[in-house]
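The shown structure was predicted, so the numbers you read here are calculated from the model rather than taken from an experiment.
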Amino acid sequence: MKLTVIGCGYLGATHAACMAELGHDVVGLDTDTDKVHLLNSGRAPFFERDLDDLLAKHTASGRLKFTASYAEAAAHGDLHFIGVGTPQRAGENAYDLGHLFGAVRRLAPRLHGPAVVAVKSTVPVGTAPRIAEILHEFAPAGEKVEVAWNPEFLRESSAVEDTLRPDRLVFGFNTEQSWAEAVLRQCFAKTIEYGTPTIVTDWATAELAKASANSFLATKISFINAMAEVCETSGADVHQLADILGHDARIGRSGMRPGLGFGGGCLPKDIRGFMARAGELGADQALTFLREVDAINNRRRERIVGLAREQLGGNVMGKRIAVWGAAFKPDTDDVRDSPALTVAQNLHELGATVTVTDPKALDNARKTHPRLDYTDDPVAAVQDAVLLLHLTEWPQYGHVDPRRLATRAASPTVIDGRGTLDAARWREAGWTVRALGRP
Ligand code: UGA
């Protein structure tokens with residue numbers, strides 16, 4: 001099929017490349033011409049496993065092309081996915097839908113024939129009718145343009161795999177007999193054939209699917225991190241507790257890793273945007289628990305800063321601290337709302353000299369947190385440090401030899417914010433080890 005993907009960030013660029021991999025003829029649109037240029041050369045403007053390979057393969061095969069021109073995108077085909085960002089509005093909990101409505105307004109006047117506009121961006125429930133209204137008013141094809149809601153559940157770091165083999169497909173339509181359904185079923189035919197559960201529903205349910213999935217995931221993480229707080233005061237071990245709970249199939253261990261909590265461009269802003277929308281709808285009471293989920297999450301960051309101060313005699317002023325990790329999670333270079341960088345920045349503001357290392361995210365971290373020191377070598381980061389903080393669990397940190405590292409540190413003390421270092425091995429190598437949620 002000939003289709004377009006509007007917005008080529010983490011979601012859109014991945015979707016475009018994966019649609020080409022499924023055999024479609026794809027044009028990706030982004031208004032950032034540098035990004036378009038890079039994507040056309042077969043490279044992603046961010047790090048995502050397997051994505052560069054797919055981009056290179058399909059820009060070369062001719063099935064994938066990027067443009068900054070709405071005219072070109074609109075003329076390319078009659079299925080248009082929209083995957084632009086919907087960030088948190090500055091100073092508020094609500095979503096900023098400026099990019100989304102902007103994209104729809106620019107696309108609409110160029111739609112001269114029947115078309116399906118399938119929206120993947122995460123939005124407050126009730127956005128679909130507003131998009132349909134704009135399209136019907138401003139598209140020459142009028143009501144022949146159908147809006148479909150097709151939420152995306154991919155995770156950064158496994159985005160390609162999640163897109164090619166999703167755990168479910170959700171299609172939301174306004175009418176029961178929708179032409180758009182046939183179009184989407186054709187587009188995802190291979191995915192559906194592969195046995196992917198496919199749920200066809202109304203707009204509101206499809207919109208809510210994403211908000212509620214992310215809220216559940218955030219709640220699960222904050223639940224185990226609340227248990228970590230209790231463990232810290234009672235001498236219990238939250239990692240063992242999570243294992244024990246996880247054996248109950250109704251609870252499940254996955255998505256319940258205790259630690260420094262959730263960050264990134266999705267979970268934090270989605271629970272806030274969801275609360276804001278529930279307030280507008282008069283259902284605010286239903287979601288007040290999400291305020292607590294957010295608060296527990298933020299307390300984890302404060303707890304690490306508190307532990308660092310405690311470990312350094314109450315004052316971090318002038319002390320050299322090493323931080324392992326800048327990305328909001330391993331296997332990405334995304335630093336949006338990164339717990340690791342929040343902690344590093346707080347310690348810097350308290351007067352510490354903080355050196356941050358990360359295998360992939362240093363360029364992004366330098367832009368958002370220019371006052372911190374950086375090195376790409378985790379061993380060099382620890383040179384003369386009185387404290388090491390392990391804040392993003394990149395697997396390679398588990399392979400650093402703690403014995404060798406101890407000779408570099410001014411004082412071999414580590415706080416493990418993710419609970420993935422082998423504490424016994426580090427203690428044997430002479431380190432004082434503290435961890436969140438462990439005695
Ligand atoms: C999240 C959802 O998992 C995706 O399903 C969704 O599509 C995406 O948001 C989105 O809205 O676009 P993502 O933000 O890429 O995906 O990352 P996750 O793997 O969910 O991790 C989010 C944060 O939670 C990270 O900071 C991670 O370190 C933390 N986390 C995750 C934990 O602290 N414990 C866990 O058990 C899992």
Using a strict threshold of under 4.0 Å (side-chain N to carboxylate O), is an ion pair present between [Y] and [X]?
| X | Y | result |
| --- | --- | --- |
| Arg438 | Asp237 | yes |
| Arg336 | Glu156 | yes |
| Arg165 | Glu21 | no |
| Asp416 | Arg434 | no |
| Lys2 | Asp25 | yes |
| Glu280 | Arg277 | yes |

Indicate yes or no for a side-chain donor-acceptor contact from Asn225 to the backbone of Gly259 under 3.5 Å, with no hydrogens or angles considered.
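Yes, Asn225 side chain to Gly259 backbone: donor-acceptor pair under 3.5 Å.
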Check the pair Phe101 / Arg130 against side-chain contact (heavy atoms from CB on, under 4.5 Å), numbers first and verdict last.
CA-CA 9 Å; Phe101 286 125; Arg130 294 172 65 195; 3.6 Å; yes
Which atom pairs, one a donor and one an acceptor, fall under 3.5 Å between side chains of residues 393-406 and the rest of the protein, sequence neighbours left out?
residue: Trp394; atom: NE1; partner: Asp358; partner atom: OD2; Å: 3.0
residue: Tyr397; atom: OH; partner: Thr357; partner atom: O; Å: 3.4
residue: Asp401; atom: OD1; partner: Arg403; partner atom: N; Å: 3.0

Name the atoms and distances for all side-chain donor-acceptor pairs under 3.5 Å in residues 84-93, with sequence neighbours left out.
residue: Thr86; atom: OG1; partner: Thr122; partner atom: O; Å: 2.5
residue: Thr86; atom: OG1; partner: Lys269; partner atom: NZ; Å: 3.3
residue: Gln88; atom: OE1; partner: Arg272; partner atom: NH1; Å: 3.2
residue: Gln88; atom: NE2; partner: Glu92; partner atom: O; Å: 2.9
residue: Arg89; atom: NE; partner: Tyr95; partner atom: O; Å: 3.3
residue: Arg89; atom: NH1; partner: Glu92; partner atom: OE1; Å: 2.9
residue: Arg89; atom: NH2; partner: Tyr95; partner atom: O; Å: 3.4

Close side-chain approach of Leu312 to Leu387, heavy-atom, < 4.5 Å
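Result yes, sub-4.5 Å side-chain heavy-atom pair found.
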Above 12 or not: heavy atoms from other molecules or residues under 6.0 Å from CZ of Arg291?
no
